[in-house]
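For reference, the structure is listed below as structure tokens.
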Amino acid sequence: MNARQAFRLGEGGRIDRHRTLGFTFDGRRYEGHPGDTLASALLANGVRVVGRSSKFHRPRGVLSCGAEEPNALVCVGQGGLEEPNVRATQQPLYEGLVARSQNCWPNVNFDLWRWIDVLHGLFPAGFYNKTFIWPSWRWYEGLIRRAAGLGDLPPAPDPENYAQRNAHYDVLVCGAGPAGLSAALAAAETGQRVMLVEQDTELGGSLLWNTAQIAGRSPDEWLAEVKSRLAAYDNLIVLTNACVSAYFDHDLALIEERVSDGRAAETRAPRERLWKVHAREFVFATGAIEQPLVFPYNDRPGIMLSGAVRQYLERFAVVSGKRVVLATNNDSAYCTALALLDAGISVECVVDTRAGIRSAVSEQVRARGIAVLDGCIPAKTSGAKGISAIEIRRVDSRQNQERGPVASLNCDCLAMSGGWQPAVHLLSQARGRLRYDGQLGAFLPQELPKNIRVVGAAAGEVPPCLRATVTASPGRQWIDFQHDVTLQDIGIAVDEGFGSIEHLKRYTTTGMSVDQGKTSNLNALAALAERSGRPPEQIGTTTFRPFYMPVTLAALAGSQSGEFYAPSQRSPIYGCHEQLNAEIRDYGSWRRPAAYPRQGESTAEAIRREALAARNAVALFDGSPLGKIEVRGRDAAEFLNRVYVNQVPTLKSGQARYGIMLNENGVVIDDGIFAKLEEGHFLVHTTSGAAARIYAWLEEWSQSEWPQLDLLLTPVTSQWANIAVSGPAARALLQRLPADIDWSAEKFPHMHIRSGSICAVPARVMRASFTGEVSFEVNVPADFGASLWERLLELGADLGVTPIGVETLMLLRTEKGYMHVGTDTDGNTCALDVGWAAAVEKKSADFIGKRSLMRPNNVRERRFQLVGLLPQERGREVVAGAHVLNEEHRSAPAPTQGYVTSACFSPTLDRWVALGLVCNGRKRMGERVNLFHAGAIQPAIVTAVGAYDPESRRLHA
Amino acid sequence: MLRIDCPWCGIRDEQEFVCGGEAQILRPAEPQQVSDAQWSDYLFNRRNHKGRQHERWQHRYGCRQWFNLVRDTHTHRIFAVYRVSDPPPDLGGAVSE
């Protein structure tokens with residue numbers, strides 16, 4: 001044997017001995033070969049303790065050889081490439097791999113948290129719920145989070161790419177063992193498009209380690225021939241390193257393919273690729289998972305699944321120990337015993353829970369001079385950092401009671417087999433029905449969906465077994481290695497009334513860790529059956545849900561991260577804002593200027609300057625994101641009359657109106673200006689954030705409820721650039737433009753729309769205002785927006801023209817008392833709460849939400865209504881969200897009377913002004929209230945909305 | 001992930017669609033004439049049926065047309081798709097599969 005790899009055999013295995021790969025684990029250097037997994041390389045180097053359990057910090061070694069591994073979870077990679085909770089049993093070894101252990105401090109061999117294990121009696125099942133309730137859970141949370149759990153988040157963002165791909169196939173075969181390979185071949189021969197997916201690095205499944213002949217040939221010969229036949233079909237695609245992790249409705253499979261793990265720098269390929277595959281038919285050839293035996297102290301390093309011991313031996317030429325004891329309840333462990341004997345390893349004995357066993361393989365083992373202790377079970381193991389001795393007792397399988405000791409042996413490896421559970425997870429996700437088979441001690445497929453087949457070990461081709469446990473022993477017997485759930489915990493749960501499998505799972509957390517109970521669900525179920533005296537088939541199993549294996553979040557996100565997380569929109573004038581060094585922020589999906597701070601100016605100072613310019617000179621506001629929908633047709637007026645609270649038929653061509661829309665519950669969902677361009681042709685403006693939503697809303701009503709109306713809806717938001725020119729000098733500025741529009745107050749009054757041309761470009765101008773000043777919203781085709789913006793800045797230089805951002809506009813509209821739907825209203829605010837009672841009263845025709853305004857809840861007392869709030873300390877900040885209290889209440893707790901919805905310091909009025917939703921607000925004008933925020937109060941007076949220019953003289957100027 | 005056969009565009013993934021809930025909710029022709037109870041029934045009460053259900057869907061990221069389909073709310077199987085202007089299809093006796 002190689003001195004460096006003391007547990008590696010001199011020959012055999014599917015590893016490339018000509019090349020050596022260096023890697024480190026917990027800072028120590030080791031060597032392995034191409035073809036190794038991290039687990040096989042660690043075992044080859046005699047590394048036994050690879051992790052600590054999540055609750056008791058018990059030292060743990062490699063248990064399995066595949067996806068089911070509960071113990072050997074390590075952190076692989078460094079920096080942004082670091083990945084926690086990697087199963088060492090599935091991680092291919094590569095040159096320079098860096099791995100470290102988890103959930104221990106300072107290291108895995110000397111873990112200062114191990115005191116928790118000494119005190120394990122204090123932490124039985126449900127101890128969280130019972131223990132940490134005083135003074136409060138939060139008091140303990142920090143410590144417990146540090147002590148428990150697995151793995152840490154990587155310290156930096158992952159720099160690599162994750163791809164996603166959609167595909168459609170006729171047949172998807174999951175698993176490329178002998179059954180899956182045969183199925184794929186058969187399907188490919190029919191000419192169908194086939195995808196074969198294998199989670200291992202190589203095709204073959206059990207052929208990679210099972211030396212038994214298949215179809216009269218050696219596994220290698222058979223595999224080589226099948227592979228070459230598969231390669232001839234161009235209607236077949238094969239994925240390795242890929243796991244079908246989920247099956248969703250309508251035959252969608254989610255496959256996580258590890259493409260360039262740890263080698264992306266060389267390959268420029270994505271780290272992983274997430275496949276979303278629709279297939280007409282599925283073949284689940286997912287194999288079976290060997291289950292542990294349950295006996296006292298069955299969790300020590302060196303205690304491994306028997307099949308895993310065989311796989312490490314045959315596939316990696318690694319011996320898991322030099323003195324091996326086997327413990328089993330089925331025939332499969334005897335094959336491991338024979339393989340070990342063939343390799344010259346010392347097999348101490350085979351312990352079999354079944355009495356009087358005389359099967360062919362067991363006879364072969366006996367014939368080689370190995371003692372078979374039938375009707376026996378391990379009763380105790382010892383060894384601090386790994387198993388060193390074992391005590392064996394007789395078990396009466398009918399009563400599951402132990403009798404006297406049979407033998408005590410020294411060993412460094414215990415290979416155990418507690419039976420095989422077919423991997424029916426995907427089938428269960430696909431709503432296939434399972435049944436418990438008492439002979440096999442496992443759940444088998446019973447009813448299959450029409451387009452799903454299950455073949456091979458997954459279909460139940462596994463050896464029969466006999467379940468037995470040592471109930472009388474005081475020693476802890478592990479059910480769930482990862483979550484440290486023991487047989488005793490199951491007993492506590494049953495005693496406390498959590499006897500249903502669903503309750504048991506949640507109370508003890510068995511099967512709820514990263515491995516999702518691949519090696520614990522069945523034993524938990526058997527223990528529950530035994531403890532509660534019910535047969536397993538009556539207990540049933542918990543439902544397997546996606547995902548079968550953990551899926552990297554980055555793979556699910558794919559390219560949708562960072563700037564590609566969500567699409568963003570920019571106005572056609574965006575470039576001008578950038579040139580003006582505007583402070584850009586996100587408003588819904590739009591990237592918009594918040595304000596235009598000058599050199600040395602703060603945002604607040606800029607907002608103040610811009611607001612004063614709008615009040616005293618002229619402001620330019622880029623309103624391009626404003627929602628614009630054209631409504632055309634014979635029934636356009638009738639349609640809008642049904643969706644607006646307003647009277648629409650009385651509107652004349654060229655006129656505009658401020659309107660609100662309700663949902664069917666009477667709640668305000670949007671407001672804005674709508675205008676009649678000509679007979680049968682309207683323009684609807686929505687708030688910027690609601691453009692898509694309101695268009696969809698109008699579409700839904702027109703198509704679903706009133707399809708007989710003659711109507712055409714067209715969203716034109718992005719067709720038009722929209723520049724609001726607002727302020728006392730607005731008219732003077734616009735008159736300087738070459739245009740065929742008469743801007744005078746007489747010819748172009750407030751709330752009118754004009755079409756014409758400006759600078760020889762078609763234009764629509766709406767005289768409407770969100771600032772309270774004279775405002776013209778000038779719309780030109782989007783491509784001309786930027787040049788119009790620049791032209792207006794040039795022409796208005798002497799008039800003090802000033803670009804203003806969204807924050808400034810919000811200040812101006814708050815001063816003026818114009819509500820912002822969604823800010824000054826919430827999901828309960830109806831038309832009556834925002835002062836529209838008279839309009840509703842006047843309109844006889846029906847409209848969406850009208851009937852709901854008569855419902856008792858909408859006409860009751862004590863509704864929150866929109867009012868102005870005038871703070872009595874002019875200079876003291878008012879915070880939106882502050883509660884309104886009655887005057888006699890000066891501190892919390894007190895019944896809330898509503899809350900402040902918008903607040904700003906008005907540079908024009910030289911004071912703070914606010915809007916709010918106040919209980920019965922419209923009947924409380926002039927009443928004194930207190931605004932409560934962060935423990936302090938400030939007196940205020942309830943007023944009508946609109947602190948600035950309440951008579952709207954400036955608006956109509 | 002449902003696969004929905006849009007009556008205008010053909011089979012597409014669920015993510016191109018939005019669901020508008022149960023179909024065949026009749027808006028009272030004269031809302032002002034119905035009682036509060038009848039109006040509330042229209043607003044709020046739904047069958048929430050386990051089994052075959054008629055639903056409204058919109059192919060929002062496609063043709064933007066609203067249409068109806070019949071889906072089993074338990075198995076997600078879709079039995080029929082029909083246009084707003086079409087009568088509901090006759091699917092035989094069984095309410096649930």
Side-chain angles (χ1 to χ4, degrees), chain A residues 166-168 246-254 276-280 430-432 449-451 546 567 642 662-667 692-693 695-708 713-715 840 843-860, chain B residues 1-5 7-8 11-44 54-69 71-78 83-86 97:
Chain A
N166 294 290
H168 297 256
Y247 180 100
F248 294 112
D249 290 312
H250 289 202
D251 308 322
L252 175 71
L254 203 68
K276 299 173 194 171
V277 177
H278 282 284
R280 287 194 303 109
R431 296 167 190 257
K450 272 190 295 239
N451 60 342
R642 295 181 189 184
L662 312 182
N663 65 16
E664 195 70 305
N665 298 311
V667 171
R693 180 162 52 80
Y695 175 60
W697 172 252
L698 299 181
E699 243 178 355
E700 181 176 357
W701 282 89
S702 69
Q703 289 181 26
S704 302
E705 199 63 39
W706 303 312
Q708 70 281 7
L713 299 169
T714 318
V840 170
K843 184 168 171 179
S844 58
D846 185 39
F847 55 86
I848 299 169
K850 183 182 186 187
R851 177 63 184 81
S852 286
L853 297 176
M854 295 159 57
R855 293 183 63 238
N857 184 52
N858 279 331
V859 293
R860 65 175 165 81
Chain B
M1 176 78 77
L2 307 187
R3 302 266 290 154
I4 298 172
D5 190 3
W8 307 94
I11 297 177
R12 304 291 177 89
D13 272 354
E14 180 185 349
Q15 60 195 19
E16 293 184 17
F17 298 83
V18 293
C19 181
E22 293 180 17
Q24 299 164 328
I25 307 287
L26 223 57
R27 186 174 198 261
E30 303 220 26
Q32 310 308 310
Q33 305 305 317
V34 301
S35 68
D36 282 346
Q38 287 168 312
W39 185 251
S40 298
D41 187 50
Y42 155 68
L43 285 181
F44 307 122
H54 294 254
E55 295 177 338
R56 298 165 57 242
W57 286 74
Q58 187 198 17
H59 193 191
R60 181 161 293 173
Y61 304 100
C63 63
R64 295 194 72 101
Q65 294 303 299
W66 283 88
F67 59 92
N68 297 311
L69 56 76
R71 179 179 67 100
D72 189 303
T73 55
H74 177 60
T75 64
H76 290 312
R77 187 173 156 201
I78 295 172
R83 298 175 184 181
V84 174
S85 53
D86 295 339
E97 69 162 348

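Looking at B:Gln65, the atoms closer than 4.5 Å to chain A (heavy atoms on both sides) sit in the backbone and in the side chain alike. Looking at B:Arg60, the atoms closer than 4.5 Å to chain A (heavy atoms on both sides) all sit in the side chain, from C-beta outward. Only the side chain of B:Leu43 has a heavy atom closer than 4.5 Å to any heavy atom of chain A. Contacts between B:Asp13 and chain A at a heavy-atom distance below 4.5 Å involve the side chain alone, from C-beta outward. Looking at B:Val34, both its backbone and its side chain come within 4.5 Å of chain A, counting heavy atoms on both sides. Residue B:Phe67: no heavy atom, backbone or side chain, is found under 4.5 Å from chain A. Of the atoms belonging to A:Phe847, it is backbone heavy atoms, and not side-chain ones, that fall under 4.5 Å from chain B. Interface residue B:Gln58: only side-chain heavy atoms are found under 4.5 Å from chain A. Using a 4.5 Å cut-off between heavy atoms, A:Glu700 touches chain B through backbone and side chain atoms alike.
Here the closest heavy-atom approach between residue A:Asp249 and residue B:Thr75 is recorded as OD1-O, 4.3 Å. Across every non-hydrogen atom of B:Trp39 and A:Arg851, the tightest pair is CD2-CG, 3.2 Å.
In this structure, CD on B:Gln15 lies 5.5 Å from NZ on A:Lys276, to the nearest 0.5 angstrom. Expressed to the nearest 0.5 Å, how far CZ of B:Arg27 lies from CH2 of A:Trp706 amounts to 5.5 Å. Here the straight-line distance linking atom CZ of B:Arg64 with atom CD of A:Gln703 works out to 9.0 Å at 0.5 Å rounding. Taken from CG in A:Leu252 to CE in B:Met1, the straight-line distance is 6.0 Å, to the nearest 0.5 Å. Atom-to-atom distance recorded for B:Ile11:CD1 and A:His278:NE2 is 10.0 Å, nearest 0.5 angstrom.
Side-chain contact between A:His250 and B:Ile78 is present, with at least one heavy-atom pair separated by less than 4.5 Å. A:Arg855 is listed as a side-chain neighbour of B:Ser40, based on a closest heavy-atom distance under 4.5 Å.
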